[in-house]
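Note that the coordinates shown come from a computational prediction; the quantities given were computed from them, not determined experimentally. Convention: sequence-line order gives letters A, B, ...; per-chain numbering from 1.
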Amino acid sequence: MVSIKNLHKKFGSQKVLDGLELEIKEKGIIAILGPNGSGKTTLIKSILGMVIPDKGTNKIDGKDIKNRWDYRQQLDYLPQIANFPGNLKVIELITMIKDLRGLPARDKELIDFFKIEHFLDKKLTKLSGGMKQKVNLVLCFMFDSPLIILDEPTSGLDPVSLLRLRKFIQQEKENGKTILITSHIMDFVEDVADRIIFLLEGKIYFDGTVNELKESTQEPDFEHAIAKLLTKEDV
Amino acid sequence: MFKIFKYSFFDLTRSSWSYVYFLFYLLLGMVLLFLNNDLNTAVITLMNVIIMLVPLIGTIFGVMYYYNSREFTELLLAQPVKRSSIFLGQYFGVAISLSISLVLGLGIPFAAYGLFKSPAIWDFVMLLVTGLFLTLIFSALAFNIALSNENKIKGFGYAILLWLFLAVIYDGLFLLSLVYFQEYPLDKFSLVATMFNPIDLSRILILLKLDISALLSYTGAVFKQFFGTSFGSIASISMLVLWVVLPLLRIAYVVRKKDF
Amino acid sequence: MERFLIFLSLLLFIPTLEAKEIVVCPGCEVSSIKQAVDLANNGDTIRIQKGLYKEHDIEIIGKSLTIIGENYPVIDAEMEGTAFRIKADNFSIEGLHIKNIGTSHTSDDAAILVSRSKNFSIKNNRLSNIFFGILLERSSEGDITGNKIRSKARSQANSGNGIHIWNSKDLTIENNDIQGVRDGIYLEFANQCDIINNICRENLRYGLHFMFSDHNKYLENLFENNGAGVAVMYSKFIEMERNLFRKNWGSASYGLLLKEITDATLKHNVFEDNTIAISADNTNRIDYIENDFLSNGYAVRIRGACYNNVFKRNNFLANSFDVAYTGNINENEFLGNYWSEYTGYDLNKDGIGDVPFRPVKLFSYLVNKTPEAIILLRSTFIGLLDFSEKVSPIFTPAELTDSQPLMQKIKW
């Protein structure tokens, strides 16, 4: 599904991706973890085509994505910071994105699921962070694409919504989708992830399941295992 | 691209700035016409306003809109939309909404004044045409500046500087070089120098309508050919078109390579 | 034999008829104008009917004739010499179409040449493709009215004037329409002439030209698109009123060119779209009162040696330059005009601006020095320069101001 070979990216003098190789064939939930500045967001953005790599190829469904945009028809993305054009109402934003995609959407279902119908007529500037995140989620999941990329999906959500999100992600997984997630909330990751990809200095430092991670670090606790990955590097 | 344009445009029609701009021109047109009561002098004052303010407003509005719609842009970048469509769509959203404010804002008072029955209608049409060109050109230049500067403050700074340069400083340097090299034949030089500044170009286009009698006081054959025939208007308009097209091509080129 | 008979019959008639009428037409007994003129006596009328008459050098000497063309008979001089040469008092020529007067470098060939004549009228004729149209010398008390003169002058050296007057006086030149000659109307040593309601258009040099001609008036004429509208040179006491000067365009083009003239008044004239509306050189005691200057390149250009010229109650509207000035102030005065460029205020509401207006821009000096700079006209930078010069004049004469600029356009 996603096949990345020898990906390099520099921002100025700072190397962000350094010959990264990644192969995702399976369905399920893949968590991309790593310390700040390890290249998580850059990796995601290069899959999305928002960042243009200096070197390397990036294939989705076997096709190079360079200078193409149509593959995003089969891809959903949840940005980290839910900023929207402020002048629009929520419902207008949803209609607009539907209009842009031109695909059938399950927006009603999701509006219901995330309980946002009572502020559909509000302008986006008037919404709180959590409300915005819910809108963000609706926009992201609306199109039922086979590949979903979630950048910090939990940020700003109240516990009830968080539970609902988890449930939804599980549901999507069962529907046979590939979901890439970055998150700082480790128990969320531990709970949902089928595969952990740990990035460090622009390379994949660890690639395996939660259990494999615990085994290799000999830490029973997931959070500690992650911490150990980092300290090992420091040594 | 049309969809993006549509949303940018509607987004802007709700922004109070479009209305401020529109009302400003409406007020200006009314004051000029109904206090002054003379169409010819009103057209001249309007020309001064147009060659100063339209570029300034186009630049500031362009830069502002670019920076303010970053979120919108980000949202769109993840959608299955061509990159150049996103930016050109936004650009046309800004440029067209500014143009409409200009045309309506000035057109309404002039129409109410009975312009359509007056021979000054063509002067006025020329004013609007150059106003439209300047809007298109300077919003495109503003987009270029904003695309090349992530830093908002820097972007605004450069945009204002660009405006100041083209609106004032360029002509100062131009005049200096004319005075300094006055022993040499300068008519070709001065026509060419005009071509490189869209504000000067627009000014010349209006002068061809308003001040042709003064322009013809100069004896040079090159000037005479330029101002005395339709060659001047055709050359100026083609250059203005080029001034719109080139920055747009650069936008399309830059966004292909840019990271977001 | 036939001729003799006619002559005989005419002789017989003379005692009985005070004045007779001779009809000329191509098929008539009298088929040429020359013939008719020969036959005619003092006081006779020659009626020329419609037709083509290929004649030139028709001479009328000492006979007071009334020549009337019916439906514009065509007199074709076939590019050879003058059509009519007249030396007579009390004559009139009316309703003829005279054409094809050839260019000559040795003689001033004209459609109608009048010399040493008095009390005549040249009325409603059409002159086309001519060298000189109507040429008057040493004549007086004549009316030249309603003539339509058309030619296609190409160069000044090879063309003549529409109405050319030399050393004459007390003439009225009215309602003529002159197009395509060198000077529409030319006066040299002509005094006490009234030039009224003529149209001079597209003439190579001047619409109307005065040389050494005093005490003349020209009123209500239209001068459009000539090399220069009117040139008044070396003359005195000229009254210029209610004329319209339009679209006299070009690098050496003026609405009105004044050179070495004194004691003249300009009143209620309109200058519109001229490259230079008025250029004044060596003029003294000229009053410019209630004229409109509209959309000219330069409204008034004062060159050197102008004294005591007064501009009062004129409207200066949307000119590229209102006043360009060379030399000292020399008691020239601008007072109580309306300037559309004036941006001052009127706090006491008396209709007069509280701040004096400086009509001379620094830019006009720059353009004088570096003519190409005209391309920067109305640019913002030039606006700033002019503004700073207005605040503290350095290059322009400081005392050259209108201390009572009006707030409203003057209606006269």
Side-chain angles (χ1 to χ4, degrees), chain B residues 36-45 47-48 51-52 120 123 164 166-191 193-194 197 199-200 203-204 206-207 210-224 226-228, chain C residues 225 246-255 271-277 279 292-299 301 315-322 324 338-343 362-385 407-409:
Chain B
N36 210 333
N37 250 324
D38 184 71
L39 215 52
N40 281 292
T41 49
V43 164
I44 286 178
T45 313
M47 161 186 163
N48 289 325
I51 62 170
M52 278 301 274
D123 299 349
L164 197 66
L166 290 177
V168 184
I169 298 168
Y170 187 90
D171 289 347
L173 297 174
F174 189 174
L175 182 67
L176 263 178
S177 47
L178 285 180
V179 171
Y180 190 78
F181 294 108
Q182 57 179 303
E183 282 85 50
Y184 301 91
L186 289 168
D187 39 4
K188 267 187 198 151
F189 163 77
S190 49
L191 286 178
T194 307
N197 183 345
I199 296 184
D200 279 346
R203 195 169 47 75
I204 291 296
I206 304 173
L207 288 188
L210 290 185
D211 290 277
I212 184 66
S213 32
L215 289 173
L216 287 175
S217 67
Y218 178 65
T219 40
V222 182
F223 265 34
K224 206 165 261 169
F226 190 85
F227 294 121
Chain C
N225 202 9
R246 288 193 72 217
K247 291 200 173 169
N248 296 294
W249 276 357
S251 56
S253 250
Y254 312 93
F271 297 84
E272 199 180 296
D273 293 326
N274 304 288
T275 294
I276 297 165
S279 175
D292 277 2
F293 297 90
L294 180 67
S295 300
N296 300 287
Y298 294 77
R301 192 153 85 175
N315 289 310
F316 290 87
L317 306 164
N319 303 295
S320 307
F321 299 99
D322 287 332
Y338 173 74
W339 312 86
S340 66
E341 289 227 347
Y342 182 61
T343 49
L362 173 59
F363 187 46
S364 68
Y365 279 73
L366 275 170
V367 170
N368 206 12
K369 271 188 76 180
T370 317
E372 291 90 350
I374 189 78
I375 204 164
L376 288 166
L377 181 69
R378 294 199 198 287
S379 84
T380 310
F381 184 79
I382 297 300
L384 291 174
L385 270 189
M407 298 304 288
Q408 292 287 329
K409 191 178 153 184

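Rounding to the nearest 0.5 Å gives a distance of 9.5 Å between CG of C:Leu376 and CG of B:Leu207. Atom CD1 in B:Ile199 sits 14.0 Å away from atom CZ in C:Phe381 (nearest 0.5 Å).
Looking at heavy atoms from C-beta onward, B:Ile44 lies in side-chain contact with C:Arg378 at the 4.5 angstrom threshold. Residues B:Phe227 and C:Ile375 have side chains in contact (heavy-atom distance under 4.5 Å, counting atoms from C-beta outward). Side-chain contact check for B:Asp171 versus C:Thr380: every heavy-atom pair is 4.5 Å or farther apart. B:Leu175 places a side-chain heavy atom less than 4.5 Å from the side chain of C:Ile382.
Ranking C:Leu377, C:Leu384, C:Leu366, C:Asn296 against chain B, the residue ahead of the rest is C:Leu377, based on heavy-atom pairs under 4.5 Å. Between chain B and the options C:Gly383, C:Ser340, C:Ser379, the largest number of non-hydrogen pairs under 4.5 Å is found for C:Ser379.
The two atoms that bring C:Lys369 and B:Gln182 nearest to each other are O-OE1, 3.2 Å, heavy atoms only. Among all heavy-atom pairs drawn from C:Glu372 and B:Ser190, the shortest one is CB-OG, 4.1 Å.
Contact annotation for B:Ile204: only side-chain heavy atoms (C-beta onward) come within less than 4.5 Å of a heavy atom of chain C. For a residue to count as touching a neighbouring chain, one of its non-hydrogen atoms must lie under 4.5 Å from one of that chain's; by this rule B:Ile206 does not touch chain C. For C:Leu294, the part lying under 4.5 angstrom from a heavy atom of chain B is the side chain only.
Every residue two or more places apart in sequence or in another chain was checked for a salt bridge (Lys or Arg N to Asp or Glu O under 4.0 Å) with C:Asp322, and none qualifies.
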